[in-house]
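Start at 1 and go down the list; that is how both ligands and their atoms are numbered. Source: prediction; values computed, not measured.
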Amino acid sequence: MSIKTKLQNIKLNLLNNITLVAVSKTKPIELLKEVYDQGQRIFGENRVQEMVDKFEKMPKDIKWHMIGHLQTNKVKYIASFVSLIHGVDSLKLLREINKQATKHNRIIDCLIQIKIASENTKFGMSLNDLQLLLKSDELKTFDNIRIKGLMGMASFTIDNHQIESEFRYLKSIFDQIKKKYSDIEILSMGMSNDYKLAIKYGSNMVRIGSHIFGSRKRK
Ligand SMILES: *Cc1c(COP(=O)(O)O)cnc(C)c1O
């Protein structure tokens with residue numbers, strides 16, 4: 001199936017208000033260009049160096065989303081251009097993003113990653129951590145970041161009931177904090193294998209890699 005057909009098939013499943021992030025990690029520039037030529041303008045990467053390289057080579061109207069776990073000492077490399085950082089899970093990281101954004105005179109949008117999977121390999125905050133974070137006085141001093149919503153990754157399992165309950169849980173947290181904080185509008189959940197379920201449970205941003213670009217080699 002061509003990339004064009006794959007993208008079209010995915011878009012048939014997306015309602016108007018759902019943003020598609022094309023996850024291009026590990027994939028060569030030529031493939032990204034093919035996807036770009038189909039009109040896609042949002043790309044997701046999970047490694048800083050790879051994202052910087054691709055940013056330099058690709059057209060400048062692309063919005064680059066950092067979807068991987070971001071180390072504090074690497075924020076400086078992407079701060080000048082990154083459009084949305086999905087995996088934020090500490091005040092320390094927000095502090096650094098704010099500092100680097102200030103240097104570039106930008107406001108950087110961030111999503112807080114919530115741990116919803118049962119595996120302990122996945123990063124993210126608990127609901128309690130999130131509530132403490134949102135109430136923190138220091139956060140209010142960060143003028144160069146905006147917390148726009150939440151991101152989560154479901155367990156890696158074929159058990160749809162488990163995935164559903166994890167998505168439902170994340171949506172309930174999203175609804176809860178959205179009532180209190182007006183900036184909160186993005187719910188980033190769903191990947192190639194579970195995005196339809198994620199949409200059913202209220203996702204408005206899906207991160208799709210292998211269903212567009214083909215499977216990746218295991219590391
Ligand atoms: C790799 C990755 C994706 C995309 O995964 P696919 O299964 O290829 O769609 C989505 N989100 C995150 C955080 C990822 O690391």
Side-chain angles (χ1 to χ4, degrees), residues 1 3 5-14 18-28 31-32 34-35 38 40-54 62-71 74-75 78 82-90 93 97 109-125 148-160 162-164 166-167 169-171 174 186-219:
M1 213 191 287
I3 278 192
T5 314
K6 286 181 189 166
L7 268 173
Q8 279 171 347
N9 287 345
I10 291 166
K11 284 186 185 158
L12 288 176
N13 291 306
L14 304 185
I18 299 172
T19 303
L20 171 63
V21 180
V23 175
S24 48
K25 61 190 186 193
T26 79
K27 298 296 177 183
L31 280 185
L32 274 71
E34 258 190 71
V35 172
Q38 297 304 319
Q40 179 66 24
R41 292 295 181 270
I42 303 177
F43 289 79
E45 288 285 336
N46 70 341
R47 285 170 192 271
V48 165
Q49 188 56 54
E50 189 175 344
M51 188 162 104
V52 170
D53 290 345
K54 287 172 172 171
I62 289 176
K63 291 186 171 146
W64 292 96
H65 287 198
M66 174 46 68
I67 62 167
H69 191 255
L70 180 59
Q71 285 172 298
K74 294 197 172 158
V75 175
I78 60 171
V82 68
S83 159
L84 182 64
I85 301 177
H86 287 236
V88 179
D89 64 356
S90 71
L93 182 55
I97 297 170
D109 289 341
C110 299
L111 304 180
I112 303 298
Q113 182 166 0
I114 303 295
K115 181 174 154 55
I116 54 173
S118 54
E119 301 130 38
N120 41 23
T121 53
K122 303 245 159 60
F123 296 98
M125 286 189 147
K148 295 288 285 181
L150 303 180
M151 179 268 210
M153 282 170 91
S155 294
F156 185 71
T157 172
I158 52 165
D159 179 356
N160 276 355
Q162 178 164 356
I163 296 175
E164 277 175 357
E166 291 171 0
F167 284 157
Y169 177 61
L170 185 55
K171 176 65 158 64
F174 177 72
I186 299 173
L187 179 56
S188 166
M189 62 180 195
M191 314 183 4
S192 290
N193 289 324
D194 57 21
Y195 77 93
K196 289 177 198 164
L197 270 184
I199 289 168
K200 186 170 155 199
Y201 288 96
S203 167
N204 57 26
M205 184 174 279
V206 293
R207 310 175 307 269
I208 301 185
S210 46
H211 274 204
I212 300 172
F213 292 96
S215 62
R216 290 175 299 273
K217 291 199 187 75
R218 283 174 190 274
K219 275 176 233 101

- Checking side-chain contact (heavy atoms from CB on, under 4.5 Å) against Met66, which of Leu111, Val75, Val48 comes through?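 Result for side-chain contact (heavy atoms from CB on, under 4.5 Å) with Met66: Val48.
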- Phe213 vs Val23 side-chain heavy atoms within contact, under 4.5 Å: no
* Polar side chain donor-acceptor pair, Ser155 to Gln162, under 3.5 angstrom ->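 Indeed, the side chains of Ser155 and Gln162 share at least one donor-acceptor pair under 3.5 Å.
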Between the protein and ligand 1, are there any N or O atom pairs that come within less than 3.5 Å of each other, and if so, what are their names and distances?
| from | atom 1 | to | atom 2 | distance (Å) |
| --- | --- | --- | --- | --- |
| ligand 1 | 8 (O) | Ser210 | N | 2.8 |
| ligand 1 | 8 (O) | Ser210 | OG | 3.0 |
| ligand 1 | 8 (O) | Arg216 | NH1 | 2.7 |
| ligand 1 | 8 (O) | Arg216 | NH2 | 3.1 |
| ligand 1 | 9 (O) | Ser192 | N | 2.9 |
| ligand 1 | 9 (O) | Ser192 | OG | 2.5 |
| ligand 1 | 9 (O) | Gly209 | N | 2.8 |
| ligand 1 | 11 (N) | Arg207 | NE | 2.8 |
| ligand 1 | 15 (O) | Lys25 | NZ | 2.7 |

- Query: Should we count CG of Leu12 as having more than 12 external heavy atoms under 6.0 Å?
  - Reply: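 Yes - once you tally the heavy atoms of other residues, nucleotides and ligands closer than 6.0 Å, there are more than 12.
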Q: Please confirm whether the backbone N or O of Leu187 pairs with a side-chain atom of Asn204, one donor and one acceptor, at under 3.5 Å?
A: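 Side chain of Asn204 to backbone of Leu187, a donor-acceptor pair under 3.5 Å: yes, one is there.
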Could you go through residues 195-202 and list every donor-acceptor pair under 3.5 Å that involves a side-chain atom there, pairing it with any protein atom two or more places apart or in another chain?
| from | atom 1 | to | atom 2 | distance (Å) |
| --- | --- | --- | --- | --- |
| Tyr195 | OH | Asn13 | ND2 | 3.0 |

